[in-house]
Amino acid sequence: MSNTASPATATAGRVPRLGGRDRESRWTPYLFIAPVALYLAVFQGYPLISEFILSFQQSSLLAPQDARFVGLRNYHDLASSSDFASVLWTTLIYTIACVVFAISLGLGAALLLDRPFRGRGLARALVTVPWAAPPVAVATIFAWMLNAQYGIFNHVLKLMDLEIGYESWLDNPKLALPAVLFTTVWQIFPFSSVVLLAALQGVSEEVREAAQMDGADRFSIFKVAVWPTIQPTVALLALFVTIWSLRRFDLIWVMTQGGPIGATKTLVIELYTRGFVARELGEAAAVGMIGLTIALVVTFVYFWYTQRTERAQGRR
């Protein structure tokens, strides 16, 4: 009887080994991620760590080499400052207003642009113009328009016999923040409309037609068929607008520089003022870390809300 094993038996008893190509394919994703990870570590990770360390030091812009450790004093001074509490309140109002009005106007514009009408393509192109304009240019133009002497806003109010009598919109503590908010929303709501318009394209026409056949009105159709589809996009858009509002500097600085009397001073304006006007780098770094913490909390809330929604819908 022959002791030679059959080819099938020899193949079955052989343990498969990873070849060179298999090992290379296993490391391929990490090779693609490596440049991005290196960029984040060098240009974002290192500055954040440096800022965190600087927030515990007393350092002057004129002599940064003489920095000395002061512990939590910078954070204590900010927490006990009524001016900084006003800055946080202004930042909260500005951020919430930007999110609410930008998304609401963007959704309204998206719903209108989603309906067929003559010239819809041109309207879709024109609605993106404010978003494409540079923020510095937008701020400068609106500052001219809000001027008391030659601004178009006051000119229209005078024609309507509604002269408010203020020297300038941006010089009045009660009107400066609404004016800055109006300018901001005018520029950023087109981005919301474009994103939400893309989300509306994914709404099933069959579901809409079925709701119409059942006699549902437009609001019911939106509630049942449209909103569940675009809700994840709205949540993600709210996250982006929130973070961008917390970081917005150029438009506010060009229009008011945080004035008058701190009426439009947000966290970013406060950071710049403490760092480059008062020249206190440690306090500025502490303000920056507080702003970063707020942004991280908002991001955490977004992911918690997303996971909760997905579980409620039975996706997990």
Hey, what's the ring geometry for [X] with [Y], parallel, tilted or perpendicular (30° and 60° as the breaks)?
X: Tyr39; Y: Phe43; answer: tilted
X: Trp244; Y: Phe240; answer: parallel
X: Phe153; Y: Phe182; answer: perpendicular

Using ring pair (Phe, Tyr, Trp, His ring centres under 6.0 Å) as the criterion, list what pairs up with Phe303, not counting sequence neighbours.
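None.
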Is the shortest side-chain heavy-atom distance between [X] and [Y] below 4.5 Å?
X: Val87; Y: Thr266; value: no
X: Arg68; Y: Val70; value: yes
X: Leu105; Y: Ser192; value: no
X: Val195; Y: Phe191; value: yes
X: Asn172; Y: Pro260; value: no
X: Trp131; Y: Phe189; value: no
X: His76; Y: Ser80; value: yes

Any idea which heavy atoms bring [X] and [Y] closest together, and the distance?
X: Pro64; Y: Leu281; answer: CB-CD1, 4.3 Å
X: Ala263; Y: Thr90; answer: O-CG2, 3.5 Å
X: Gly106; Y: Leu196; answer: C-CD1, 4.0 Å
X: Lys223; Y: Pro228; answer: O-CD, 3.4 Å
X: Pro130; Y: Val127; answer: CD-O, 3.5 Å
X: Gly259; Y: Ala176; answer: O-CB, 4.2 Å

Atom [atom1] of [X]: over 12 foreign heavy atoms under 6.0 Å:
X: Phe276; atom1: CZ; result: no
X: Ile152; atom1: CD1; result: no
X: Arg247; atom1: CZ; result: no
X: Arg124; atom1: CZ; result: yes

Does the side chain of Asn154 pick up a donor-acceptor pair with the side chain of Trp169 at under 3.5 Å?
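Result is yes, a qualifying pair exists.
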Taking atom types as modelled, is there a side-chain donor on Tyr94 or Thr264 under 3.5 Å from an acceptor on the other?
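Short answer, no.
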Cluster question for you: counting only ILVMFWY and a side-chain heavy-atom cut-off of under 4.5 Å, with indirect links fine, are [X] and [Y] together?
X: Leu48; Y: Val42; result: no
X: Ile93; Y: Val100; result: yes
X: Leu122; Y: Val194; result: no
X: Trp227; Y: Val203; result: yes
X: Val234; Y: Leu111; result: yes

Is there a donor-acceptor pair under 3.5 Å between the side chain of [X] and the backbone N or O of [Y]?
X: Asn74; Y: Ala286; answer: no
X: Thr91; Y: Leu267; answer: yes
X: Thr183; Y: Ala179; answer: yes
X: Ser81; Y: Asp77; answer: no

Can you measure from [atom1] ([X]) to [atom2] ([Y]) and round to the nearest 0.5 angstrom?
X: Gln187; Y: Leu251; atom1: CD; atom2: CG; value: 6.0 Å
X: Gln257; Y: Ile269; atom1: CD; atom2: CD1; value: 8.5 Å
X: Leu126; Y: Leu113; atom1: CG; atom2: CG; value: 10.0 Å
X: Asp66; Y: Ser60; atom1: CG; atom2: OG; value: 8.5 Å
X: Asp83; Y: Ile261; atom1: CG; atom2: CD1; value: 11.5 Å
X: Lys265; Y: Trp253; atom1: NZ; atom2: CH2; value: 8.5 Å

Take Leu181 and Leu177 through the test side-chain contact (heavy atoms from CB on, under 4.5 Å) and record every step on the way to the result.
CA-CA 6 Å; Leu181 279 171; Leu177 184 58; 4.2 Å; yes
For a side-chain contact (heavy atoms from CB on, under 4.5 Å) check, start with the C-alpha distance between Thr299 and Ile243, then their side-chain angles and the critical distance, and finish with the verdict.
CA-CA 9 Å; Thr299 305; Ile243 295 177; 3.9 Å; yes
Are Glu280 and Arg274 ion-paired here, with the side-chain N under 4.0 Å from a carboxylate O?
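Between Arg274 and Glu280 there is no salt bridge, as every charged N stays at least 4.0 Å from the carboxylate O atoms.
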Verify side-chain contact (heavy atoms from CB on, under 4.5 Å) between Val268 and Tyr272, making sure each step is shown before the conclusion.
CA-CA 6 Å; Val268 179; Tyr272 181 87; 5.8 Å; no
Against Ile290, only a single residue in Val287, Ile294, Leu292 fulfils side chain to side chain contact (heavy atoms under 4.5 Å, CB included); can you say which?
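Single side chain to side chain contact (heavy atoms under 4.5 Å, CB included) partner of Ile290 among Val287, Ile294, Leu292: Ile294.
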For Arg73, the option from Glu283, Gln57, Gln58 that meets side chain to side chain donor-acceptor pair (under 3.5 Å):
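Single pass found, and it is Gln58.
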Begin with the C-alpha distance, continue with both residues' side-chain angles, and end with the deciding distance and a verdict on side-chain contact (heavy atoms from CB on, under 4.5 Å) for Leu236 and Tyr302.
CA-CA 8 Å; Leu236 182 60; Tyr302 163 75; 3.4 Å; yes
